Amino acid sequence: MECANHKAPNEFILSGFPYPQGFKVPLLLFSIMFALTLCGNSLIILAVIINLQLHKPMYWFLCHLSILDMIFSAVVVPKVIAGSSSRGKIISFPGCITQVFFLNIVGYAECFLFTVMAYDRFLAICKPLHYGNIMGWKLCLIFSLATIIGGCLHATFQTSLTFYLSYGENNHIDYVFCDVPPVLKLACSDIHFKELIIIIDMGFITMTCFLLILTSYVYIFTAILKISSSEGWHKAFSTCSAHLTVVCLFFLPVFYHYLRPVSQESMDSVLSMFYTIITPLLNPLIYSLRNKEIKTALLKLWHWNPD
């Protein structure tokens with residue numbers, strides 16, 4: 001498409017909502033899900049802070065994940081809720097840039113954090129005698145800061161590359177929120193080279209993190225199989241199953257969404273809402289059901305006797 005007007009549009013219209021305008025059921029449903037996401041992740045953070053037995057690196061990273069999940073949901077859900085009205089579908093150009101930037105910060109930070117959490121489980125199960133010396137609080141803080149800094153760097157790169165392009169009269173984004181692939185489709189200048197760079201960057205980061213996680217779990221499961229007692233086997237497996245579940249919920253939709261050329265089939269808005277809305281809602285529930293220490297801590301919050 002040739003650029004008829006190099007001036008950036010003042011606003012974008014989000015037209016990818018999978019429900020009709022004025023339909024109030026999604027408004028109520030997403031509002032409830034948003035509230036449950038904030039409450040569930042807040043309870044995880046509160047349980048870890050109050051319970052001294054959970055002052056461990058594993059739960060430090062879990063708190064970090066809960067914070068990122070709340071931010072992830074807060075960046076997307078309010079605009080999805082507002083999309084039930086015609087005015088709510090409009091987002092300003094600076095607002096679109098801001099949403100893309102923070103969405104990428106949190107997305108990349110979670111990708112890095114899942115990798116760090118897998119490494120933490122690898123040390124705990126495969127090198128238990130050295131775990132305390134290696135995974136100290138200083139290293140935990142370094143890892144946490146590194147995930148945020150890494151997310152900021154890649155978000156800056158993706159956002160600047162996307163909005164440096166020229167945009168014409170078409171300002172309808174066929175999506176439920178502003179993200180790199182659907183925004184790129186509106187560019188009136190040639191996007192093929194920058195599209196390739198973005199896909200390579202996304203693919204390299206996600207595939208590298210996923211392969212590192214997969215490698216960690218190969219060693220973990222090999223070590224678990226060598227455990228003789230059934231109690232020890234069950235305890236080791238239970239500490240990993242929750243993390244492995246949320247990793248699959250995060251990476252599988254991301255692989256499907258982002259590792260395809262933008263010029264091909266348009267993105268599925270329903271699937272995009274899965275990893276931005278459903279996954280942050282499910283993560284606290286998964287960790288609560290699969291981790292006995294978390295369940296005990298949550299019960300203590302309500303002054304129940306876990307025994």
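If you're wondering where the values come from, they're calculated on a predicted model, not measured in any experiment.
Rounding to the nearest 0.5 angstrom, the gap separating the CD atom in Glu11 from the CD1 atom in Ile173 is 11.0 Å. Going from atom CD1 of Ile213 over to atom OG1 of Thr115 covers 4.0 Å, rounded to the nearest 0.5 Å. Taking CG from Leu62 and NZ from Lys56, the interatomic distance works out to 12.5 Å, rounded to the nearest 0.5 Å. Taken from OG1 in Thr215 to OH in Tyr119, the straight-line distance is 13.5 Å, to the nearest 0.5 Å. Remark: Leu103 CG to Thr98 OG1 distance equals 12.0 Å, nearest 0.5 Å. Here the CG atom belonging to Leu214 is positioned 9.0 Å from the CG atom belonging to Leu244, to the nearest 0.5 angstrom.
Using a 4.5 Å heavy-atom threshold, the side chains of Ile278 and Met33 count as touching. Residues Val100 and Val180 meet the side-chain proximity criterion, which asks for heavy atoms closer than 4.5 Å. With contacts defined as side-chain heavy-atom distances shorter than 4.5 Å, the pair Leu113/His64 qualifies. Cys140 places a side-chain heavy atom less than 4.5 Å from the side chain of Met135. Counting heavy atoms from C-beta outward, Glu110 and Asp69 have side chains that approach closer than 4.5 Å. Proximity of Phe12 to Ile90: side-chain heavy atoms (C-beta onward) are nowhere separated by under 4.5 Å. Using a 4.5 Å heavy-atom threshold, the side chains of Tyr131 and Pro57 count as touching. With contacts defined as side-chain heavy-atom distances shorter than 4.5 Å, the pair Ile277/Leu281 does not qualify.
Nearest heavy atoms, Thr147 versus Ser144: OG1-O, 2.6 Å. Smallest separation of non-hydrogen atoms from Pro182 and Phe177: CG-O, 4.5 Å. Residues Ile220 and Ala118 approach most closely at CD1-O, 4.1 Å, considering heavy atoms. Shown here for Leu68 and Ile148, the closest heavy-atom pair between the two residues is CD2-CD1, 4.1 Å. The nearest pair of heavy atoms linking Gly151 to Tyr108 is CA-CB, 3.8 Å. Counting all heavy atoms, side chain and backbone alike, Pro128 lies closest to Ala124 at CB-O, 3.5 Å.
Residues that satisfy the side chain to side chain contact (heavy atoms under 4.5 Å, CB included) test with Thr156, not counting sequence neighbours, are Phe101. Residues that satisfy the ring pair (Phe, Tyr, Trp, His ring centres under 6.0 Å) test with Phe34, not counting sequence neighbours, are absent from this structure. Every residue meeting the side chain to side chain contact (heavy atoms under 4.5 Å, CB included) condition with Ile71, not counting sequence neighbours, appears here in chain and number order: Ile67, Val75, Val106. With sequence neighbours left out, Tyr217 forms a ring pair (Phe, Tyr, Trp, His ring centres under 6.0 Å) with Phe221, His243. Tyr287 pairs by the side chain to side chain donor-acceptor pair (under 3.5 Å) definition with nothing, not counting sequence neighbours. Every residue two or more places apart in sequence or in another chain that forms a ring pair (Phe, Tyr, Trp, His ring centres under 6.0 Å) with Phe251 is listed here: Phe210, Phe255. Residues that satisfy the side chain to side chain contact (heavy atoms under 4.5 Å, CB included) test with Ile49, not counting sequence neighbours, are Ile45. The ring pair (Phe, Tyr, Trp, His ring centres under 6.0 Å) test applied to Phe72 returns no partner, not counting sequence neighbours. Applying the side chain to side chain contact (heavy atoms under 4.5 Å, CB included) test to Leu54 and every residue at least two apart in sequence or in another chain returns Val48, Asn51, Tyr59, Glu293, Ile294, Ala297.
A donor-acceptor contact shorter than 3.5 Å is absent between the side chain of Ser73 and the backbone of Met70. Within the 3.5 Å criterion, the main-chain N or O of Thr37 finds a donor-acceptor partner in the side chain of Asn41. Distance alone, capped at 3.5 Å, places no donor-acceptor pair between the Asn171 side chain and the Ile13 backbone.
Annotation for Leu153: hydrophobic cluster partners, listed by chain and number, are Ile149 (ILVMFWY side-chain heavy atoms under 4.5 Å, direct or chained). Through side-chain heavy atoms spaced under 4.5 Å, either directly or across other Ile, Leu, Val, Met, Phe, Trp or Tyr residues, Ile200 is tied to Leu196.
Between His154 and Phe112, the ring planes lie tilted relative to each other; the angle falls in the 30° to 60° range.
In the hydrophobic clustering of this structure, Met58 groups with Ile286; members are Ile, Leu, Val, Met, Phe, Trp, Tyr whose side-chain heavy atoms approach within less than 4.5 Å, directly or through other members. Linking Ile, Leu, Val, Met, Phe, Trp and Tyr whenever their side-chain heavy atoms come within less than 4.5 Å puts Phe204 and Phe193 in one cluster. Hydrophobic clustering (side-chain heavy atoms under 4.5 Å, transitive across Ile, Leu, Val, Met, Phe, Trp, Tyr) groups Val76 together with Leu249. In the hydrophobic clustering of this structure, Val116 does not group with Ile142; members are Ile, Leu, Val, Met, Phe, Trp, Tyr whose side-chain heavy atoms approach within less than 4.5 Å, directly or through other members. A continuous path of ILVMFWY side-chain contacts below 4.5 Å connects Ile197 to Phe163, so both sit in one hydrophobic cluster.
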His55 and Leu52: CA distance, side-chain angles, deciding distance, side-chain contact (heavy atoms from CB on, under 4.5 Å) verdict: CA-CA 5 Å; His55 290 187; Leu52 295 178; 3.4 Å; yes

Intermediate values then yes/no, side-chain hydrogen bond (donor to acceptor under 3.5 Å, both in side chains), Asp201 and Gln158: CA-CA 9 Å; Asp201 179 63; Gln158 297 276 348; 2.6 Å; yes

Test log, rule side-chain contact (heavy atoms from CB on, under 4.5 Å), inputs Val246 and Thr279: CA-CA 8 Å; Val246 298; Thr279 301; 5.7 Å; no

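Within the structure, the disulfide bond (SG atoms under 2.5 Å apart) test picks out the following pairs touching residues 142-179 (sequence neighbours left out): Cys96-Cys178.
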